[in-house]
Amino acid sequence: MTHTNNKIWSLSFIFVLVSNALVFMIFEMLLPTLPLFVTSLGGEANQVGLVTGIFMLSAILIRPFAGSLAAKFDKKVLLILGIIIIALSTGAYYLSTNIGVLLIIRLIHGAGFGLATTYFATLAAEIIPKDRRGEGIGYFGVGETIAISVGPMIGIMTLELFDFQRLFLGGMSVLFLAVIMAIFIKRAPKGKALDKQEKHNVKILEKRVLFPSLLILLIGGAAGGIMSFFSLYAIEKDFTNVGLFFLLIAAASFAIRLISGKLFDLYGSPIILIPGSILAIIRMIMLYAANSNGMILTAAIFYGFGFGAIFPAVQTWCMNLVEEHEHEDAMASFFNFFDLGIGGGSLLLGLVATAASYQAIYLVGTAVYGVFLVIYLVHLSMKKQLMNKRKVA
């Protein structure tokens, strides 16, 4: 499919969407189960955060090379390589006999994840018509959204029925299916032509997307601690419907993405980011004060609406700020800041949990989303003032 028509859906777009969803499904499957695996190896709360943090550090270090690699090799081949690394690393987790071995595997896993997530996003943007990018990226993210619920449920159910070895080997099998899907992706001719442009230096940061990347850093910081420690918080609260919690997040995120992308294309980021952050704040407060299963499940719905709208909106915003041949740089910065937030959030909130309780994590999360909202509102105010000055001039 090329950009000469205005259609989003094609076989290649479906393959990109599904393959990306499978990668994220296994990633999400490990979020609530790896903390349990760490504790089974004798690890403590701060080491749970370290396992998550080192994964994200590896992904962050590899992504600045995504643009230069894409200038030398076909990004589809690089995508397939990244998924294979993820698959083999996931299967290798069962070899871990101590935290040290686990950390080494997490480093390798993170490198593959850093490459794959960057090229998934840029290949999707390559296929989607530019004037429908917000809508298309929203649909693309639906697969990730479904993975948010299905992945944790599969992980938890597998542990209940089997063991960690089958969890990891099963995840590896699913990821090889993602490899097969990626093989059948057909790149847009315009994308291949852009690859041949004479560039590309390693770019640590794409400065044009710095502000939205800082916003997604905050989102990642809150999400990392919340998702990494929720299964342990559930035990603390005697909450047994962990799978349903993630399912409701996914259902709400799925529903909101069906309309949020179109709204972004029509009206821009404010109509998404302001209400999205408010809904996320409500969710954090509800989880902190939760005294019943119903309250926790309602919080999941609010968070699904908030996060499900914010993430693709900021992602599309970053893409729109650069030229099409620079999407790798924009997505590298976007995902690096998001992963830095997840890794840093997991490490810091792990310390919070150790010093206080898992409940305190959600109080901190409330503050993070509050900062997000204030910074964005200040940005809008300054932007409006600047536009008014230019009109006067």
Side-chain donor-acceptor distances from residues 206-222 under 3.5 Å, at least two apart:
from, atom 1, to, atom 2, distance (Å)
Glu206, OE1, Lys203, NZ, 3.1
Glu206, OE1, Arg208, NH2, 3.2
Glu206, OE2, Arg208, N, 3.2
Glu206, OE2, Arg208, NE, 2.8
Glu206, OE2, Arg208, NH2, 3.4
Arg208, NH1, Glu326, OE1, 3.3
Arg208, NH2, Glu326, OE1, 3.1
Arg208, NH2, Glu326, OE2, 2.8
Ser213, OG, Val209, O, 2.7

Quick one: are Val314 and Ser269 in side-chain contact, heavy atoms under 4.5 Å? no
Does Leu95 belong to the same Ile/Leu/Val/Met/Phe/Trp/Tyr cluster as Phe176, with side-chain heavy atoms less than 4.5 Å apart forming each link? yes
Value rounded to 0.5 Å, distance of CD1 in Ile105 from CD1 in Ile54: 11.5 Å
Quick check against the 3.5 Å criterion: does Asp265 have a side-chain atom that pairs as donor or acceptor with the backbone of Glu135? yes
Any side-chain heavy atom of Asn320 within less than 4.5 Å of one from Phe264? yes
Determine whether the side chains of Tyr303 and Ser253 contain a donor N or O and an acceptor N or O closer than 3.5 Å. no
Within the 4.5 Å heavy-atom criterion, are Val77 and Leu81 side-chain neighbours or not? no
Look up atom CG in Asn293 and atom CG in Asp238, then write down how far apart they are to the nearest 0.5 Å. 9.0 Å
Is the count of non-hydrogen atoms from other residues, nucleotides or ligands lying under 6.0 Å from Met295 atom CE greater than 12? yes
Does any part of the side chain of Leu22, heavy atoms only, come nearer than 4.5 Å to the side chain of Leu175, both counted from C-beta? no
Side-chain contact test, heavy atoms from C-beta onward, threshold under 4.5 Å: evaluate it for Arg106 versus Ser58 and give yes or no. no
Do Leu30 and Thr33 have side chains that approach each other closer than 4.5 Å (heavy atoms only, starting at C-beta)? yes
Nearest heavy atoms of Ile83 and Ser19, plus distance in Å: CD1-OG, 3.8 Å
Are Tyr233 and Leu348 connected, step by step, through hydrophobic side chains (Ile, Leu, Val, Met, Phe, Trp, Tyr) whose heavy atoms are closer than 4.5 Å? no
Quick one: closest heavy-atom pair of Gly136 and Ile128, and the distance? C-CD1, 3.5 Å
Parallel, tilted or perpendicular: which fits the ring planes of Phe13 and Trp9, with parallel below 30° and perpendicular above 60°? perpendicular
Min side-chain heavy-atom separation Ile301-Arg283 under 4.5 Å: no
Are Leu177 and Leu123 connected into the same hydrophobic cluster when the rule is that any two of I, L, V, M, F, W, Y join if their side-chain heavy atoms are below 4.5 Å apart? yes
Please check: side-chain N/O of Lys76 versus main-chain N/O of Ile185, any donor-acceptor pairing under 3.5 Å? yes
Give a yes or no answer on whether the side chain of Ser40 reaches the backbone of Phe37 with a donor-acceptor pair at less than 3.5 Å. yes
Ile361 versus Val352, closest heavy-atom pair with distance: N-CG1, 4.3 Å
If only atom types and distance count, is the side chain of Asp163 paired as donor or acceptor with the main-chain N or O of Arg166 below 3.5 Å? yes
Under 3.5 Å, sequence neighbours excluded: what are the donor-acceptor pairs made by side chains of residues 107-119?
from, atom 1, to, atom 2, distance (Å)
His109, ND1, Tyr93, OH, 2.6
Thr117, OG1, Arg63, NE, 3.4
Thr117, OG1, Arg63, NH2, 2.8
Thr117, OG1, Phe113, O, 2.8
Thr117, OG1, Gly114, O, 3.3
Thr118, OG1, Arg63, NE, 3.3
Thr118, OG1, Gly114, O, 2.9
Tyr119, OH, Ala66, O, 2.8

Check the pair Glu126, Lys75 against side-chain contact (heavy atoms from CB on, under 4.5 Å), reporting the backbone distance first and the verdict last. CA-CA 11 Å; Glu126 192 177 280; Lys75 65 181 71 174; 3.8 Å; yes
Could you state the interatomic distance from CZ (Phe73) to OG (Ser68), rounded to the nearest 0.5 Å? 9.5 Å
Nearest heavy-atom approach of Ser260 to Gly308 is OG-O, 4.5 Å
Could you tell me whether Phe307 and Tyr369 have their ring centroids closer than 6.0 angstrom? no
One should read off an interatomic distance between Leu11 CG and Ile127 CD1, to the nearest 0.5 angstrom, of 10.5 Å
Does the side-chain contact (heavy atoms from CB on, under 4.5 Å) test come out yes or no for Phe311 and Phe334, once each step is laid out? CA-CA 10 Å; Phe311 188 89; Phe334 170 83; 3.6 Å; yes
Can you check side-chain contact (heavy atoms from CB on, under 4.5 Å) on Leu248 and Phe302, steps first, answer last? CA-CA 9 Å; Leu248 288 174; Phe302 277 101; over 6 Å; no
Ignoring hydrogens, what is the shortest heavy-atom contact between Ala182 and Leu79? Give both atom names and the distance. CB-CD2, 4.2 Å
From Glu328 atom CD to Leu69 atom CG, the distance as rounded to the nearest 0.5 Å: 10.0 Å
The reported gap from CD1 in Ile278 to CG in Leu273 (rounded to nearest 0.5 angstrom) is 11.0 Å
Note: Leu169 and Gly91 closest approach over all heavy atoms is CD2-O, 3.8 Å
Close side-chain approach of Phe230 to Ile296, heavy-atom, < 4.5 Å: yes
Same apolar cluster: Leu17 and Phe15, side chain cutoff 4.5 Å: yes
Quick check on the hydrophobic clustering: are Ile8 and Val16 connected, directly or via other members, by side-chain heavy-atom contacts under 4.5 Å? yes
Residue pair Ser277, Tyr376: steps toward the side-chain contact (heavy atoms from CB on, under 4.5 Å) verdict: CA-CA 10 Å; Ser277 57; Tyr376 183 65; over 6 Å; no
Can any side-chain N or O of Ser333 pair as donor or acceptor with the backbone N or O of Asp329 at less than 3.5 Å? yes
